[in-house]
> 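I am attaching a structure below and will ask some questions about it afterwards.
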Amino acid sequence: MRPSEAHKKIKFQIMSILLVSAFSVMACSLWMINTQALDTEQASTQVASILEPTKQLAKKLDKELATKIEQIKQQAAQEAAEQQAAEQAAAAQAAAEAEAAAQQAAAQQAAEQQQAAFQWNESPYSATMYLTENCNQRVEPRVSSASNGILKKGTAVQVVAKTDLNFMKLENGNFISADYLTAQAPVVSNTPSSGSSSAIGSTGHTQLDNLINGIFAQIFTPGMSDADKIKACYNYLIDHTDYARGTPMPGGFGDTSVEGSNNYVASAAYGCLTTGKGSCNRYSAAFIAMMRCLGYQANYIMGQTHYANGSMDDHVWAEVVIGGTPYIFDPQVEDNMRARGEGDGYSRYWKTYSQLAGKYVK
């Protein structure tokens, strides 16, 4: 309750009591006059006795009024202090927000000025290229730009544009110096050897590379030849994968809208290797990713294959370039043939197109 309202309420109570007292005195006087039963001294005594409770009540109300007024003053002082503190806090917050907005505007202006100062031109260019050294992929086509991660030597990347600053633009939007890129795929001999392969490859996606390297640690043994490693990958994929259509494409691999692109292959391979399910494109993507991690050029081929009933149907298989020759690897069809007890278990393994003439058409 505000002070003015409290005052009004208390004053109204006092006035009501005084009015009642006045009417009481008038009533007594009239009664004495009419009855003429009392002399002056007796009348005064009677009036005093009548008014005494009123006086006591007035004193009590006056004391309560003083107490109420003091309480109201204290409450008003407290509310004023709280309001002042709230206003000060609001002013401080407004000042902080204004300062933050000014800093943000200054930072944005500086960024815009920097962007306006640094410009480059791009021209369309499409090619699969390979890293000659471990290299940073940059946010902008310049060495001083922020890095978006390091790609390993031998990694296959999809180039989508050239710049006038000797940098290539990748399909993920990053840039790599042209000095560290080559169109020549790393070549690993298909000649069996007693030692392990020295080739270091990558799919271009750390998450997938880590998964595949973990599988390599399980299936490779010391002294395995390159040919043995390829066969181990082929057998692992067939032994750990079941045919299923419509398996999901995991996220985190960039734009996968173009079938056969590096991002698409990486996502399909990761899904196949983690769920153990997939159709021909998932089997092939997984084998391609494993071969790339071994340092081979491996391609995602969309074409047609010859069915047992003589018909041709759409199909996807892996093509691995070994010693300059492209070879067919089809783990999904091989898996079906093994399940039916057909062939020797490697009828679609490391075959040239002439060896499987008429069965695979690009």
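What's counted below: heavy atoms across the whole structure, side chains too, no hydrogens, waters or symmetry copies.
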> Please verify the inter-ring angle class for Tyr349 with Tyr234; under 30° counts as parallel, over 60° as perpendicular, anything in between as tilted.
tilted
> Just by distance, do the side chain of Asp164 and the backbone of Asn121 share a donor-acceptor pair under 3.5 Å?
yes
> Take Ser202 and Leu131 through the test side-chain contact (heavy atoms from CB on, under 4.5 Å) and record every step on the way to the result.
CA-CA 10 Å; Ser202 170; Leu131 272 295; over 6 Å; no
> Does the side chain of Glu342 reach to within under 4.5 Å of the side chain of Ser347, using non-hydrogen atoms?
no
> Got a donor-acceptor contact below 3.5 angstrom from the Arg348 side chain to the Ile328 backbone?
no
> Decide whether a cation-pi geometry holds between Arg138 and Phe167; the criteria are a distance under 6.0 Å from NZ or CZ to the six-membered ring centre and an angle within 45° of the ring axis.
no
> Would you check, one step at a time, whether the test side-chain contact (heavy atoms from CB on, under 4.5 Å) holds for Phe220 with Leu294?
CA-CA 12 Å; Phe220 292 168; Leu294 283 178; 3.9 Å; yes
> Tell me whether Tyr180 at atom OH has more than 12 heavy atoms from other residues, nucleotides or ligands lying less than 6.0 Å away.
no
> Applying a strict under-4.5 Å side-chain criterion to I, L, V, M, F, W and Y, I'd like to know whether Leu237 and Met291 cluster together.
yes
> For Tyr300 and Tyr264, indicate whether the former's side chain and the latter's backbone hold a donor-acceptor pair under 3.5 Å.
no
> I would like to know whether Lys162 and Glu122 meet side-chain contact (heavy atoms from CB on, under 4.5 Å); could you show each step before the answer?
CA-CA 5 Å; Lys162 290 181 177 180; Glu122 297 179 6; over 6 Å; no
> Could you give the distance from OG1 (Thr221) to CG (Asp228), rounded to the nearest 0.5 Å?
7.5 Å
> Return yes when atom NZ of Lys362 has more than 12 non-hydrogen atoms of other residues, nucleotides or ligands closer than 6.0 Å, and no otherwise.
yes
> Does any part of the side chain of Thr128, heavy atoms only, come nearer than 4.5 Å to the side chain of Gln297, both counted from C-beta?
no
> How many angstroms lie between CZ in Arg338 and CD1 in Ile238, if you round to the nearest 0.5 Å?
4.0 Å
> Please report the interatomic distance CG(Asp226) to NZ(Lys231), rounded to the nearest 0.5 Å.
14.0 Å
> With clusters defined by side-chain heavy atoms of hydrophobic residues (ILVMFWY) lying less than 4.5 Å apart, directly or transitively, does Tyr346 cluster with Leu356?
no
> If you compare all heavy atoms of Thr241 against all heavy atoms of Tyr283, which two are closest, and at what distance to 0.1 Å?
O-OH, 3.1 Å
> What is the minimum heavy-atom distance between Asp179 and Thr132, and which atoms define it?
O-OG1, 4.0 Å
> Answer with yes or no whether the hydrophobic clustering places Ile288 together with Val157; edges join I, L, V, M, F, W, Y residues whose side-chain heavy atoms lie under 4.5 Å apart.
no
> Examine distances only and state if a side-chain atom of Asn299 and a backbone atom of Ile301 form a donor-acceptor pair shorter than 3.5 Å.
no
> Are side-chain heavy atoms of Pro331 and Tyr236 found at a separation under 4.5 Å?
no
> Taking side chain as C-beta onward, heavy atoms only, is Phe253 less than 4.5 Å from Gln207?
yes
> To the nearest 0.5 Å, what is the distance between CD on Glu319 and OG1 on Thr325?
10.5 Å
> Should the heavy atoms of other residues, nucleotides or ligands under 6.0 Å from CD of Gln218 be counted, would the total exceed 12?
yes
> Counting only N and O atoms by type, is there a donor-acceptor contact under 3.5 Å from the side chain of Gln137 to the main-chain atoms of Ile176?
no
> Per the side-chain hydrogen bond (donor to acceptor under 3.5 Å, both in side chains) rule, which among Ser177, Ser145, Ser147 passes with Asn136?
Ser147
> Is there a side-chain contact between Arg142 and Phe175, using heavy atoms and a 4.5 Å cut-off?
no
> What pair of heavy atoms forms the shortest contact from Leu165 to Trp120, and how long is it?
CD1-CB, 3.6 Å
> Please work out which of the three classes, parallel, tilted or perpendicular, describes the rings of Phe329 and Trp350, given edges at 30° and 60°.
tilted
> Ignoring hydrogens and angles, tell me if any N or O in the side chain of Thr256 forms a donor-acceptor pair with the backbone of Asn263 under 3.5 Å.
no
> Does Trp317 share a hydrophobic cluster with Tyr296, counting links as ILVMFWY side-chain heavy atoms below 4.5 Å and allowing steps through other members?
no
> Taking the side chain as everything from C-beta on, heavy atoms only, tell me whether Ser279 gets closer than 4.5 Å to Thr247.
no
> Have Gln83 and Glu79 got a donor and an acceptor in their side chains that come within less than 3.5 Å?
no
> Step through it carefully: locate the ring centre of Tyr353, locate the ring centre of Tyr360, and say whether they are under 6.0 Å apart.
no
> If you look at every heavy atom in Arg282 and Lys277, which pair is closest and at what distance?
CB-O, 4.4 Å
> Set out, in order, the CA-CA distance, both residues' side-chain angles and the distance that settles side-chain contact (heavy atoms from CB on, under 4.5 Å) for Glu70 and Gln74, then state yes or no.
CA-CA 6 Å; Glu70 184 61 28; Gln74 291 177 358; 3.5 Å; yes
> Nearest heavy-atom pair of Asp314 and Gln304: which atoms, and what distance?
OD1-NE2, 3.5 Å
> Can a donor-acceptor pair be found, under 3.5 Å and without considering hydrogens, that links the side chain of Gln158 to the backbone of Ser126?
no
> From Asp209 CG over to Thr203 OG1, what is the distance, rounded to the nearest 0.5 angstrom?
3.5 Å
> So, for Ala318 and Ser284, which heavy atoms are closest and what is the spacing to 0.1 Å?
N-OG, 3.8 Å
> Roughly how far, to the nearest 0.5 Å, is the CD atom of Gln355 from the OH atom of Tyr327?
7.5 Å
> I'd like to know if the side chain of Thr182 reaches the main chain of Tyr130, judged simply by a donor and an acceptor atom lying under 3.5 Å from each other, with no hydrogens or angles considered.
no
> If two hydrophobic side chains count as joined below 4.5 Å and joins carry through other members, does Ile215 share a cluster with Tyr270?
yes
